[in-house]
Every structure is written in structure tokens, then in C-alpha cells.
Amino acid sequence: MSARRDELTEPAMDAAIARACTILRLPTVRARHGEVAGMALRQQASYKGFLTELLSLECDDRETRRRARLVREAAFPRPKRLEDFDFAANPDVPAALIGTLARCGWVAAGQPLCLVGDSGTGKSHLLIGLGTAAAEQGYRVRYVTAAALVNELAEAADDRMLTRVIARYGRIELLCLDELGYIELDRRGAELLFQVFTEREEKSSIAVASNAAFSEWAQAFTDPRLCAAIVDRLTYNAHIITTGTGSYRLRSATARQAAAAKAAGRDAKEKGTPA
């Protein structure tokens, strides 16, 4: 160490560390070096022990920031986590299987996942929750509705950028496609969607949520051959979960209304007034 640095005051050393951390992009080291140095002094830790602890904190925080960034980049429309899903309210959903899928072995293997059931049965919650779990484990994830994806592909085709857009979707490790089957797709839209599925086939995972059984997809994909080809690609070696027909949202709303009515009746009785 040079004499000039030996003679630095504490504030000057803090300023030098802050400047170096800014250049090297080490925000945790900048924020916590004083705290860790004080702890090392009290514990009589070696210089190497101090440096190990400080760099470990930087690595941990960097990984936390990376996972948060992956969740943001997935573009989920709202936050949904698997631990918030009410399996008791929807016994059709296998909790043990969802727990296994949350470990993301299927994403690593490039396998598809199909969530099929009526509106309000938790498909989107599970889709977003599994996508969030994958992003937090370091996978590149993207959420999009079927209609939005078809529109994006059509615009890219018109601008002669379709190959680039399809390649971009091919690099995503988990594509979460929601609301498949909600709207009817013309032949061009189905062909564009088919190209994305083909790009990802047996290489990268795709998870879809649909309100229609596979036998009803012909109503959304007007070309029978394209429909059969799409179903084949989405179901081969896939995890298929049916979420049932009873709307969880409707049951929840009915339960809330019943509870509110019961509470109002109890209050009215206590006050001696008609409910």
C-alpha cells in the first residue's frame, strides 16, 4: 500500500471506497462495508474473512436483484403466488403436483404445461404463480395473452420483422400463454401462433391456460389441420391439469355476500332494528 493511501483519513477512505464501488458496480459493498468492517473488528476476523463476507453479501444481493428483474421482465399483469392459491376452495387442482411443478424440473426439461378449465377456476393464478416461481429460480419467462401475441406477430409480419420476433420468443425459457381459446383465430393468426410453437418444440417450455377442452379448440382454430398440429405440439410429453368447472371467484363472492348479510342481520338484532 502506498504512503499516500496509508495517510488517508476515515472520510477520505469512505469516499474512495464509494467511488471504486460505483465504478465496479458493487452497491452492496458500498452500502455495507462499514458495517461488515466493524463486525470483523469486533470478532477479530482476518482480512480474508472480512473480504469473503463482504463479497458474499454482494453476490447474494446481486442474485436477489437478478431474480426480481426476471420477474419484472416476465410482464405479469398482476402479482400471483402459488402459496396464495386456495387449494381447499378448488379441490380439482392437485396441490402435490403443483408443488412438484413449482420446482421447475419441467421447465429445465422443456416440457409443456396445459391448464384447462372454466373461467374463475384459478388457471391464470396458477399460470402466473408457476411463471413467477420459474423467474425466481433464474429462468427467462414471458407472460402474454394469446390475442396479444397474435397481434404482435401480425404486426411483425407486416413490418417484415417476423423472423426476429419469433427468434426472440424462442430464446425465452418459459412462455406463459394465457386465454388461449377465448377468441376465434383466423388462418393467418393460427399459422403465426403455430410458428412460435414450432420454434419452441421440445426445446423450451410453454405453459398455456385455456377455458376450452382440447376437443373444443377447433372452434378457436378454424383450420382443422392447424388445430390438430397445435394440440399435438402442446400436449406431447405435457403436464395437463384440469381446474374444473366451478368458479372459485363466484363462490368467493357468494360467500362474502352471505357473510356480510349474516353480519348485518346480527348487528340489526343487537340494535333491535329490522335487518
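Keep in mind that what you see is a predicted model, and the values were worked out from it rather than measured.
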Visitor: Under 6.0 Å from the CZ atom of Arg69, do we count more than 12 heavy atoms belonging to anything else shown?
Guide: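 Yes - once you tally the heavy atoms of other residues, nucleotides and ligands closer than 6.0 Å, there are more than 12.
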Visitor: Membership question, hydrophobic clusters at under 4.5 Å side-chain separation (ILVMFWY): are Leu24 and Leu57 in the same one?
Guide: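 In one cluster: yes.
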Visitor: Mind checking whether His239 and Leu101 have side chains closer than 4.5 Å, heavy atoms only?
Guide: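 They are in contact (side-chain heavy atoms under 4.5 Å apart), so the answer is yes.
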Visitor: Could you measure the distance from the CG atom of Asp178 to the NZ atom of Lys123? Nearest 0.5 Å is fine.
Guide: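 So the CG of Asp178 and the NZ of Lys123 are separated by 7.5 Å.
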Visitor: Do other residues, nucleotides or ligands put more than 12 heavy atoms under 6.0 Å from Gln44 CD?
Guide: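 Atom CD in Gln44 is not crowded, with 12 or fewer foreign heavy atoms closer than 6.0 Å.
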Visitor: Above 12 or not: heavy atoms from other molecules or residues under 6.0 Å from NZ of Lys203?
Guide: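 Atom NZ in Lys203 is crowded, with more than 12 foreign heavy atoms closer than 6.0 Å.
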Visitor: Please check this pair: side chain of Ser210 against backbone of Leu180, looking for a donor-acceptor N/O pair closer than 3.5 Å.
Guide: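 Confirmed, Ser210 side chain pairs with Leu180 backbone.
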Visitor: For the CG atom of Leu149 and the CD atom of Glu179, what is their distance to the nearest 0.5 Å?
Guide: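 Nearest 0.5 Å value for the CG-CD distance: 12.5 Å.
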Visitor: What are the two closest non-hydrogen atoms of Val141 and Gly131, and how far apart are they?
Guide: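 Scanning both residues, the minimum pair turns out to be CG2-O, 3.7 Å.
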Visitor: Decide side-chain hydrogen bond (donor to acceptor under 3.5 Å, both in side chains) for Thr22 and Arg30; before the verdict, give the C-alpha distance in whole Å, the side-chain angles of both, and the deciding distance to 0.1 Å.
Guide: CA-CA 8 Å; Thr22 300; Arg30 177 176 181 175; 2.8 Å; yes
Visitor: Looking only at heavy atoms, which two atoms of Cys227 and Ala218 are closest? And how far apart?
Guide: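 What the structure gives for the nearest pair is SG-N, 3.6 Å.
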Visitor: Would a 4.5 Å heavy-atom cut-off, applied to side chains only, mark Phe214 and Leu234 as touching?
Guide: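 No, their side chains stay 4.5 Å or more apart.
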Visitor: Identify the heavy atoms of Gln111 and Asn237 that sit nearest to each other, and give their distance.
Guide: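 Looking at all heavy atoms of both residues, the shortest contact is NE2-ND2, 3.5 Å.
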Visitor: Do Val208 and Leu113 come close enough that some side-chain heavy atom pair is under 4.5 Å?
Guide: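 The answer is no, as the side chains (C-beta and beyond) never meet within the 4.5 Å cut-off.
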Visitor: Please assess Val165 against Glu152 for the test side chain to side chain contact (heavy atoms under 4.5 Å, CB included), listing each intermediate value before the final yes or no.
Guide: CA-CA 9 Å; Val165 172; Glu152 181 181 355; 4.0 Å; yes
Visitor: Begin with the C-alpha distance, continue with both residues' side-chain angles, and end with the deciding distance and a verdict on side-chain hydrogen bond (donor to acceptor under 3.5 Å, both in side chains) for Gln195 and Tyr169.
Guide: CA-CA 10 Å; Gln195 290 185 57; Tyr169 274 101; over 6 Å; no
Visitor: Using a strict threshold of under 4.0 Å (side-chain N to carboxylate O), is an ion pair present between Arg188 and Glu191?
Guide: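 No, Glu191 and Arg188 are not salt-bridged.
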Visitor: Between Trp217 (side chain) and Ala212 (backbone), is there a donor-acceptor pair under 3.5 Å?
Guide: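 Confirmed, Trp217 side chain pairs with Ala212 backbone.
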Visitor: Can you tell me how far the SG atom of Cys176 sits from the OH atom of Tyr143, to the nearest 0.5 Å?
Guide: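 The OH atom of Tyr143 is 9.0 Å from SG of Cys176, to the nearest 0.5 Å.
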Visitor: Go through it in stages, so that I can follow the logic: the residues are Val144 and Leu175, the test is side chain to side chain contact (heavy atoms under 4.5 Å, CB included), and I'd like the CA-CA distance, side-chain angles, deciding distance and then a yes or no.
Guide: CA-CA 8 Å; Val144 66; Leu175 176 60; 3.9 Å; yes
Visitor: Please answer: with hydrophobic residues joined when any side-chain heavy atoms are less than 4.5 Å apart, are Leu26 and Ile17 in the same cluster?
Guide: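 Leu26 and Ile17: separate clusters.
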Visitor: Could you check whether any side-chain N or O of Arg200 sits under 3.5 Å from a backbone N or O of Ile172, counting only pairs where one atom can act as donor and the other as acceptor?
Guide: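 Between the backbone of Ile172 and the side chain of Arg200 there is a qualifying donor-acceptor contact (under 3.5 Å).
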Visitor: Can you tell me how far the CD1 atom of Ile241 sits from the CG atom of Leu97, to the nearest 0.5 Å?
Guide: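 One finds 4.5 Å between CD1 of Ile241 and CG of Leu97.
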Visitor: Show, in sequence, the C-alpha distance, side-chain angles and deciding distance for Glu53 and Arg32, and conclude whether the salt bridge (charged side-chain N to carboxylate O under 4.0 Å, His left out) test is met.
Guide: CA-CA 11 Å; Glu53 176 65 18; Arg32 301 191 63 181; over 6 Å; no
Visitor: Roughly how far, to the nearest 0.5 Å, is OG1 of Thr28 from NE2 of His33?
Guide: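 Nearest 0.5 Å value for the NE2-OG1 distance: 12.5 Å.
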Visitor: Which salt bridge (charged side-chain N to carboxylate O under 4.0 Å, His left out) pairs, counting each pair once, include a residue from residues 226-242, with sequence neighbours left out?
Guide: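 For residues 226-242, and leaving out neighbouring residues, the salt bridge (charged side-chain N to carboxylate O under 4.0 Å, His left out) pairs sorted by first residue read Glu201-Arg233.
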Visitor: If I take atom CG from residue Asn211 and atom CD from residue Glu216, how far apart are they, to the nearest 0.5 angstrom?
Guide: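 Spacing of CG (Asn211) from CD (Glu216) equals 8.0 Å.
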Visitor: Just by distance, do the side chain of Asp86 and the backbone of Ala88 share a donor-acceptor pair under 3.5 Å?
Guide: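 Yes: the side chain of Asp86 pairs with the backbone of Ala88.
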Visitor: Which heavy atom of Thr243 sits nearest to which heavy atom of Val93, and what is that distance?
Guide: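 In this case the closest contact between Thr243 and Val93 is CG2-CG2, 4.0 Å.
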Visitor: Quick one, Leu226 with Phe221, criterion side chain to side chain contact (heavy atoms under 4.5 Å, CB included). Give me CA distance, side-chain angles, the key distance, then yes/no.
Guide: CA-CA 7 Å; Leu226 266 176; Phe221 300 98; 5.5 Å; no
Visitor: Do NZ/NE/NH1/NH2 and the carboxylate oxygens of Glu173 and Arg140 come within less than 4.0 Å?
Guide: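 Counted as a salt bridge, because a side-chain N and a carboxylate O are separated by less than 4.0 Å.
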Visitor: Report whether Val116 and Leu177 are members of the same hydrophobic cluster (ILVMFWY, side-chain heavy atoms less than 4.5 Å apart, transitive linking).
Guide: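 Hydrophobic grouping puts Val116 with Leu177.
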Visitor: Under a 4.5 Å side-chain heavy-atom rule over Ile, Leu, Val, Met, Phe, Trp and Tyr, are Met39 and Phe50 clustered together?
Guide: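 Different clusters.
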Visitor: Which heavy atom in Gly181 sits nearest to a heavy atom in Ala220, and how many Å separate them?
Guide: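 Residues Gly181 and Ala220, closest heavy atoms: CA-CB, 3.8 Å.
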Visitor: Run the salt bridge (charged side-chain N to carboxylate O under 4.0 Å, His left out) check on Glu199 and Arg168 step by step: do they pass?
Guide: CA-CA 10 Å; Glu199 177 71 17; Arg168 187 177 75 238; over 6 Å; no
Visitor: Applying the 4.5 Å side-chain criterion to the ILVMFWY set and letting contacts propagate, would Leu70 and Leu127 be lumped into a single cluster?
Guide: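 Leu70 and Leu127: separate clusters.
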Visitor: Would Trp106 and Thr100 count as a side-chain hydrogen bond (donor to acceptor under 3.5 Å, both in side chains) if you check the C-alpha gap in whole Å, the side-chain angles of each, and the deciding distance to 0.1 Å?
Guide: CA-CA 9 Å; Trp106 61 285; Thr100 299; over 6 Å; no
Visitor: Return the minimal non-hydrogen interatomic distance between Leu82 and Phe87, and the atom names on each side.
Guide: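 Smallest interatomic distance, heavy atoms only, reads O-CE1, 4.2 Å.
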Visitor: Report yes if the side chains of Asp92 and Thr121 come closer than 4.5 Å at any heavy-atom pair, otherwise no.
Guide: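 SC-SC contact between Asp92 and Thr121 ruled out.
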Visitor: Does Arg65 pair with Glu58 as a salt bridge, N-O distance under 4.0 Å?
Guide: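 Counted as a salt bridge, because a side-chain N and a carboxylate O are separated by less than 4.0 Å.
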